[in-house]
Amino acid sequence: MTTEFDIDKLIYTYFMPSDDKVSQAMVYCLGSGGKRIRPNLLLKTAANLGCVDDNICRLAVALECIHTYSLVHDDLPCMDNDDFRRGKPTCHKQFGEATAVLCGDALLNLAMEIVSGGSATDNYMKCINMLFTNSGYSGMIRGQTLDLNGSDNSDGLMEISLCKTAKMIISAIAIPAVYAGLPADEVEKYKQIGQYIGIAYQVADDLLDEKSGENSFVSVLGHDETVQLLNCLSNETLCLLDKLNVGQEHIRQLVTFNLTRKF
């Protein structure tokens with residue numbers, strides 16, 4: 001049976017909002033109705049490895065704060081200029097552009113505040129380094145930078161997907177392996193699984209949005225080849241999952257979710 005976690009309750013274990021405008025915007029964005037895929041992946045993977053504790057909970061909440069801040073900034077007029085996210089006005093539409101910038105900054109800072117309150121073991125410090133490296137200038141931010149210009153070839157799209165989407169999924173899946181002290185070759189399997197799933201998630205998104213006309217796997221490869229790519233990434237993930245010493249059924253469920261989304 002898969003362990004269930006109350007991510008909202010966990011968030012407000014570590015985040016005590018005030019009544020100022022930026023704090024209100026943070027609450028609005030953290031409660032915008034996302035699936036909590038990343039923190040759930042981290043916590044459920046940790047549960048299967050038997051290493052859920054305060055440090056792991058802090059890392060999961062920090063991961064969600066970083067993901068949320070990236071969406072706030074990605075929606076800004078200078079980036080994707082989106083008016084709605086998940087059926088609600090985006091942060092800058094609801095609170096103004098300046099407050100949205102500050103909200104994103106505050107969420108990123110909150111992530112560091114949360115993890116810095118944990119117990120500093122060697123493995124915990126390695127996990128913190130992984131989290132902020134994968135979300136930083138060589139990870140998610142690099143992906144967002146590359147995405148601003150787009151790409152008209154599959155290699156470029158793979159790099160964008162790896163950095164912008166997969167790096168954060170890698171953090172969610174590999175951090176518990178690092179924290180549990182698994183051997184380096186086992187940690188590498190978890191990282192590779194995160195990479196395949198993260199890219200597959202973006203490929204599935206492109207299939208869902210193939211009428212958008214933007215540079216995407218569908219516009220570059222065509223619909224049929226994009227479906228083949230999704231199937232290949234999913235099969236590689238399942239093969240790696242079979243090699244793990246611990247079953248991770250929730251990861252298999254995410255693979256199935258990618259494959260069964262309506263294209």
Side-chain angles (χ1 to χ4, degrees), residues 2 35 37-51 56 59-60 63 66-67 123-124 126-144 146-147 151 154-207 217 221 225-261:
T2 303
K35 299 181 184 70
I37 287 173
R38 292 154 190 82
N40 267 309
L41 273 174
L42 196 157
L43 289 164
K44 290 177 181 180
T45 304
N48 285 351
L49 293 173
C51 63
I56 281 290
L59 287 160
L63 178 60
I66 292 171
H67 173 61
N123 284 347
Y124 184 54
K126 290 177 183 177
C127 292
I128 293 173
N129 180 266
M130 179 185 291
L131 177 61
F132 284 94
T133 298
N134 283 347
S135 62
Y137 68 91
S138 61
M140 180 185 69
I141 290 175
R142 172 171 171 75
Q144 290 175 318
L146 294 171
D147 195 35
S151 177
S154 58
D155 288 343
L157 291 172
M158 289 291 281
E159 185 175 8
I160 291 171
S161 300
L162 170 61
C163 294
K164 185 174 182 179
T165 305
K167 288 282 189 177
M168 297 297 280
I169 302 294
I170 291 169
S171 291
I173 291 176
I175 277 175
V178 172
Y179 190 68
L182 297 188
D185 61 329
E186 285 291 298
V187 171
E188 194 57 39
K189 290 175 188 173
Y190 280 83
K191 288 181 179 178
Q192 193 66 61
I193 287 167
Q195 178 173 327
Y196 286 147
I197 287 181
I199 295 174
Y201 195 85
Q202 184 59 57
V203 171
D205 268 356
D206 283 1
L207 283 165
F217 285 104
L221 299 177
E225 279 197 47
T226 304
V227 171
Q228 289 177 14
L229 175 60
L230 176 59
N231 289 333
C232 179
L233 290 165
S234 301
N235 289 333
E236 292 288 348
T237 305
L238 294 173
C239 287
L240 280 170
L241 283 168
D242 288 338
K243 296 177 182 179
L244 296 181
N245 293 325
V246 178
Q248 299 286 4
E249 186 58 33
H250 64 287
I251 300 178
R252 293 181 186 274
Q253 291 171 358
L254 184 55
V255 174
T256 301
F257 171 74
N258 272 337
L259 288 170
T260 56
R261 294 163 81 182

Inset, instruction - Say whether, by atom type as modelled, one donor and one acceptor occur between the side chain of N134 and the main chain of M168 under 3.5 angstrom. - result: no
Inset, instruction - Write down the atom of K167, the atom of G139, and the distance for their closest heavy-atom approach. - result: CG-CA, 4.1 Å
Inset, instruction - Please assess E186 against K243 for the test side-chain contact (heavy atoms from CB on, under 4.5 Å), listing each intermediate value before the final yes or no. - result: CA-CA 9 Å; E186 285 291 298; K243 296 177 182 179; over 6 Å; no
Legend entry - CG on L238 to CD1 on I193, rounded to 0.5 Å: 9.5 Å
Inset, instruction - Check whether any side-chain N or O of D147 sits under 3.5 Å from a backbone N or O of G143 as a donor-acceptor pair, and report yes or no. - result: no
Inset, instruction - For residues K164 and M140, report the shortest heavy-atom separation together with the two atoms involved. - result: O-CG, 3.8 Å
Inset, instruction - First locate atom CD1 of I197, then atom CD1 of I173, and finally report the distance between them rounded to the nearest 0.5 Å. - result: 4.0 Å
Legend entry - Spacing of Y201 atom OH and S161 atom OG [to the nearest 0.5 Å]: 13.0 Å
Inset, instruction - With the side chain counted from C-beta on, respond yes when S154 and L221 share a heavy-atom pair under 4.5 Å apart, and no when they do not. - result: yes
Inset, instruction - Output the distance between atom CD1 (I251) and atom OG1 (T237), rounded to the nearest 0.5 Å. - result: 9.0 Å
Inset, instruction - Give a yes or no on whether a salt bridge exists between E159 and R142, defined as a side-chain N under 4.0 angstrom from a carboxylate O. - result: yes
Legend entry - Any L59 side-chain heavy atom under 4.5 Å of Y124 side chain: yes
Legend entry - S138 to T133 - nearest heavy-atom pair and separation: OG-O, 3.8 Å
Legend entry - Distance, nearest 0.5 Å, that separates CD of Q248 from CG of L244: 6.5 Å
Inset, instruction - Could you please spell out the steps behind the salt bridge (Lys or Arg N to Asp or Glu O under 4.0 Å) verdict for D242 and K189? - result: CA-CA 11 Å; D242 288 338; K189 290 175 188 173; over 6 Å; no
Legend entry - Main-chain N/O of V255 paired to S234 side chain as donor or acceptor, under 3.5 Å: no
Legend entry - Gap between atom CG of L241 and atom CD of Q192 - 0.5 Å precision: 11.5 Å
Legend entry - Side-chain heavy-atom pair H250, N40 within 4.5 angstrom cut-off: no
Legend entry - Steps toward side-chain contact (heavy atoms from CB on, under 4.5 Å) verdict (S151, L146): CA-CA 8 Å; S151 177; L146 294 171; over 6 Å; no
Legend entry - Heavy-atom side-chain contact between P176 and L42 under 4.5 Å: yes
Inset, instruction - Taking all non-hydrogen atoms of both residues into account, name the closest pair between F132 and I66 and its distance. - result: CE2-CD1, 3.9 Å
Legend entry - Intermediate values then yes/no, side-chain contact (heavy atoms from CB on, under 4.5 Å), F217 and L207: CA-CA 8 Å; F217 285 104; L207 283 165; over 6 Å; no
Legend entry - Beyond-backbone contact of Y179 with K126, side-chain heavy atoms, under 4.5 angstrom: no
Legend entry - Heavy-atom pair of closest approach, residues L230 and N258: CD2-O, 3.7 Å
Inset, instruction - Grab the two heavy atoms, one from G198 and one from T165, that are nearest each other, plus how far apart they are. - result: O-CG2, 3.4 Å
